Protein chains: 2
Amino acid sequence: MGTISQQGYHHGNLRRAVMDAALEAIGETGPSGWSLRELARRAGVSHAAPAHHFGDKAGLLTAVAAEGYAALSDELERADGDFGEVGAAYVRFAVTRPAYWTVMFRPELYRADDPAVAAARARSRAVLVSGARGAAGRPERERLVMLAAWSLAHGFAGLWLDGALAESAEDGRDPAELARAVFRTAAEGFGSPGD
Amino acid sequence: MGTISQQGYHHGNLRRAVMDAALEAIGETGPSGWSLRELARRAGVSHAAPAHHFGDKAGLLTAVAAEGYAALSDELERADGDFGEVGAAYVRFAVTRPAYWTVMFRPELYRADDPAVAAARARSRAVLVSGARGAAGRPERERLVMLAAWSLAHGFAGLWLDGALAESAEDGRDPAELARAVFRTAAEGFGSPGD
DNA sequence: CCGGGCATCCTGCCAGTGGCAAGATGGGGT
DNA sequence: ACCCCATCTTGCCACTGGCAGGATGCCCGG
């Protein structure tokens, strides 16, 4: 990996260092349970150094969100083809990289209209839409299927991260595995007690 | 209603006034886009007055969350009986009272283990579980059906509030109505292109 | 080899914030 | 009539985000 020189007046890779510190802090105390100054201290620079790279706090979180959407897109694209697997990948991303996910879906914390963020988000959505296109039969159903699947995965991820599913599902199972089962239940239809 | 005396040294109903100011502020700038001092100013009291009623910021948000879960429980119980209606009521609550919803599902902002909150949350969950009990055929399916329906409603609400569904669904439709359609799609099963 | 330009980082400052301590007020019970 | 004490106030402290102006040293042209 080649650790870059981090001594001297110029840090060398402050931008990445602050982003990493931010992700770590977010994982520990939530998306706003820390201060820019604290990140600066962790990175070993002065309290005003991060501002040069991100402008302000919203700027930093904007960068985090953009990186998060890009990473999510990668994950989803890797699972493309199988509709159910896309849902599982969505949940897996949220569970394994909660810091990104938590920021991404709190638009009031960053500049959601930032070009980089918007582009990365559009890429994520494209995978979801194409997944629904494959699963839905008639075209009118496409939108509803996409909304249902997206809502399902998104809701499961959110509830899991909030700890709301802890009691009902902590039989030691992998959350993504449980999500797959839930997804299958919905795909077969949970309205009529079939089978 | 009877507007209570709000002149003089004793406000008369500061607790409620601060809660209302908080709900208003949350609706405007998110669950942490305001300060306790600002709420105090809105209520016309000194900056330290709210502390007497709520302790600290987390205490105030704990009270908001408890009230929110109680209100959600009321809504859900009113729709009990029809499983799909419970889902629609869940979404309707989130959409019509976003300030409550936003706080409730950000456990890092308040004391989630507060007895009042825990009790109110348990009441909400009971409705969901009993709803699933009616819809699921076999008892093993019960948990999966409950998770699927809850995830679906929760995810739809979250996506809607984040504005993520804006483009794909703002044909002027009522969100709860759209949620009903999505719910129906899932209930019938969206995996196989049935019908 | 040298000198300047400029991205990077620093120190200093300000208003605003959350929270605590100690004092003022006055409503309500006895 | 009196006192108790819940309620509200003023005053204070450490900390934060953000801005202004200065210091540093890498890199590039000469």
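Naming: A, B, ... by sequence-line order, numbering from 1 per chain. Keep in mind that what you see is a predicted model, and the values were worked out from it rather than measured.
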Separation of dT9(D) atom P from R41(B) atom CZ, nearest Å, is 13 Å
What pairs of nitrogen or oxygen atoms, one from the protein and one from nucleotides 18-23 of chain D, lie under 3.5 Å apart?
from: dG18(D); atom 1: OP2; to: K57(A); atom 2: N; distance (Å): 3.1
from: dG18(D); atom 1: O6; to: R37(A); atom 2: NH1; distance (Å): 3.3
from: dG22(D); atom 1: N2; to: Y9(A); atom 2: OH; distance (Å): 3.4
from: dA23(D); atom 1: N3; to: Y9(A); atom 2: OH; distance (Å): 2.8

message = Measuring centre to centre across the rings, with the benzene-like ring taken for any Trp, is F190(A) within less than 6.0 Å of F183(B)?
response = yes
_Would you say that E77(A) contacts R123(A) through its side chain, given a criterion of any heavy-atom pair below 4.5 Å between the two side chains?_
yes
In whole angstroms, the gap separating C1' of dG16(C) from CH2 of W34(B) amounts to 15 Å
Here the distance between atom P of dT16(D) and atom CZ of R42(A), to the nearest Å, is 12 Å
- Query: Is a salt bridge present between R41(B) and E38(B), judged by a nitrogen-to-oxygen distance below 4.0 Å?
  - Reply: no
Tell me, with the steps shown, if H154(B) and W160(A) meet ring-ring contact (aromatic ring centres under 6.0 Å, His included).
CA-CA 11 Å; H154(B) 189 77; W160(A) 179 275; over 10 Å; no
Taking only N and O in the side chain of H53(A), is any of them less than 4.0 Å away from OP1 or OP2 of dC9(C)?
-> yes
* When you check the gap from the basic side-chain N to the acidic O, do D56(A) and R111(A) get nearer than 4.0 Å? -> yes
Student check: side-chain heavy atoms of E108(A) and P31(B) closer than 4.5 Å: yes
Here the distance between atom P of dG19(C) and atom CZ of F54(B), to the nearest Å, is 13 Å
Requested in this report: Have a look at S35(B) and say if it touches a base, only the backbone sugar-phosphate, or nothing, with a 4.0 Å heavy-atom cut-off.
Outcome: sugar-phosphate
Rounded to whole Å, the CG-P distance (L14(A) to dC9(C)) equals 4 Å
Rounded to whole Å, the NE2-P distance (H52(A) to dT8(C)) equals 4 Å
Whole-Å distance, E38(A) CD to dT16(D) C1', equals 11 Å
Whole-Å distance, R15(B) CZ to dA6(D) C1', equals 14 Å
